[in-house]
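One structure is given here, and the rest of the page talks about it.
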Protein chains: 2
Amino acid sequence: MTNANQVKKTGNIRAKSQVKILTAARTEFVLQGYRGATVQSIADRAALPKANILYYFKNKENIYHAVLEHTLEMWDEGIGDIEADQGPKVAIEKIIEAKVRMSFKHPEASKIYAMEIIQGAQHLKDYARTYQRQWVREKAKLFQQWIDKGEMANVDPVHLIFLIWSATQHYADFETQILTIMNRADFEEDDVEQVIAFLCDIILRGCGLD
Amino acid sequence: MTNANQVKKTGNIRAKSQVKILTAARTEFVLQGYRGATVQSIADRAALPKANILYYFKNKENIYHAVLEHTLEMWDEGIGDIEADQGPKVAIEKIIEAKVRMSFKHPEASKIYAMEIIQGAQHLKDYARTYQRQWVREKAKLFQQWIDKGEMANVDPVHLIFLIWSATQHYADFETQILTIMNRADFEEDDVEQVIAFLCDIILRGCGLD
DNA sequence: AAGTTACCTGACTAAATGGTTAACAACAAT
DNA sequence: ATTGTTGTTAACCATTTAGTCAGGTAACTT
């Protein structure tokens, strides 16, 4: 067997185990919080002995960091990028759609991130904490240009972004509450489209874009 | 000394200690989560010996329940009630203003509640879990009547309430992130009014109420 | 003054937890 | 076959944690 194959094979075991562990860990961290999730509980959920978990990850904090990192990557990929030439309507629609789809597809990722921020972002490195500042500044600048050109109502662009973020993430983070209020056991396919339609409708009109 | 005075005096010690403990506990629960907050850390923050904490509260779960209950009471008091005869514009303004003020005044309460919901509301009793269903149903009914009378745009009332909740709570729960993005150390008086104005402006217009 | 109640706390314990180690198993390369 | 690498895991340990308890003090009542 070639060296490449060997790397691939061992890499597979490693990768598979890590995915199993991280998946279990993500769930445990959401359900129990950082301190409440024990290495043992993660091991149980992953159906692996505890020592095996600590063979692949030096320690608990490492597991959490890996989960967090994965979450941030997902956020980065999932958030639709917008450009100046497409106009405010398409831009807002793209952001709303991307974020709503992410919320329904990866609620746990959103929850982990939310809990981290709520608790003061103690585990986030500085670059991760300030990363979004640049993102918001850039997008806000675009919105401001559209406002200056009279292409949309004069609303504070930064707060507009907060509004879109909060409204979309809400469906992930407060899943439990929303399902209770809607008297449902689970979300269905239609819900995603309905939420996208609702938010686009009201926010676009709110921006004078109907 | 009369019996009433005795009750008052001892009651004061009890009440004072409990407030001190609950205040410390709330902060610890926010910063460290339920499992991460230790009785010792609460004791340290309250500047009391650990055994004293457990004199006033049977156990850790009891402390948490007391904190949660206090949070729910605050939510109940703080949320402005709306009525049919005032029309949709005033109603929405009242809800937004009440919730934004609460978010800026008691961010910790909002955070505790948010974390509890995110983690699946494991500590909330059934009546607390379903309490808001009735609240939302009632208010949604009002909105629907206004829609039917053509007094506001045809937007889903339930999702409208979710939108208002999420947008307002965001300023409490994601305080850390918002401050980082706005490059600020703290919120100021003006911010509250500005957020209220922004949200009323965009949401009212979104509901066809400008 | 004596008794009763509320309040306070250092010292302790049993259980849980994160992490280590040492021995072993699978397997590929030489 | 031997050697080295990777994966596996039971047993173990030091520390932390929630909660108990016994012995106190202070305040109030009679």
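Order of the sequence lines fixes the chain letters, A, B, ..., with proteins taken first and strands second; residue numbering starts at 1 for each chain.
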- Would one find a side-chain N or O of A:Arg14 under 4.0 angstrom from OP1 or OP2 of D:dG7? yes
From CD1 of B:Ile63 across to C1' of D:dT17 the rounded distance in Å is 13 Å
Query - Within-4.5 Å side-chain heavy-atom neighbours: B:Trp135 and B:Trp75 - result: yes
Contacts of B:Ser103 meeting side chain to side chain contact (heavy atoms under 4.5 Å, CB included) (sequence neighbours excluded), chain-then-number -> B:Ala172
Taking only N and O in the side chain of A:Tyr56, is any of them less than 4.0 Å away from OP1 or OP2 of D:dT8? yes
Q | N or O in side chain of B:Tyr55 less than 4.0 angstrom from C:dC8 OP1/OP2 | A | no
TODO: Taking the side chain as every heavy atom from C-beta outward, state whether A:Thr23 and A:Val19 have any atom pair closer than 4.5 Å.
DONE: yes
- Task: Tell me whether the centres of the aromatic rings in B:His159 and A:Tyr171 are closer together than 6.0 Å.
- Result: yes
Strictly under 3.5 Å: I want the nitrogen or oxygen pairs between protein and nucleotides 17-21 of chain C, one per line.
unit_1 : atom_1 : unit_2  : atom_2 : d
C:dT17 : OP1    : B:Arg35 : NH2    : 2.9
C:dG18 : OP1    : A:Lys60 : NZ     : 3.1
C:dG18 : OP2    : A:Val39 : N      : 3.0
C:dG18 : N7     : A:Lys50 : NZ     : 3.0
C:dG19 : OP2    : A:Lys60 : N      : 2.8
C:dG19 : N7     : A:Lys50 : NZ     : 3.1
C:dG19 : O6     : A:Lys50 : NZ     : 2.7

In whole angstroms, the gap separating P of C:dC27 from CG of A:Asn12 amounts to 14 Å
Rounded to whole Å, the CD1-P distance (B:Ile53 to D:dT20) equals 15 Å
Whole-Å distance, A:Lys16 NZ to D:dG7 C1', equals 14 Å
B:Asn52 CG to D:dA26 P, in whole Å, measures 15 Å
Salt bridge (Lys or Arg N to Asp or Glu O under 4.0 Å) evaluation trace for B:Glu193 with B:Arg101: CA-CA 9 Å; B:Glu193 311 302 329; B:Arg101 290 204 193 283; 3.1 Å; yes
Whether the B:Gln132 and A:Gln177 side chains hold a donor-acceptor pair (N or O, under 3.5 Å, no angle test) is what I'd like checked. yes
Rounded to whole Å, CZ of B:Phe57 lies from C1' of D:dA18 at a distance of 16 Å
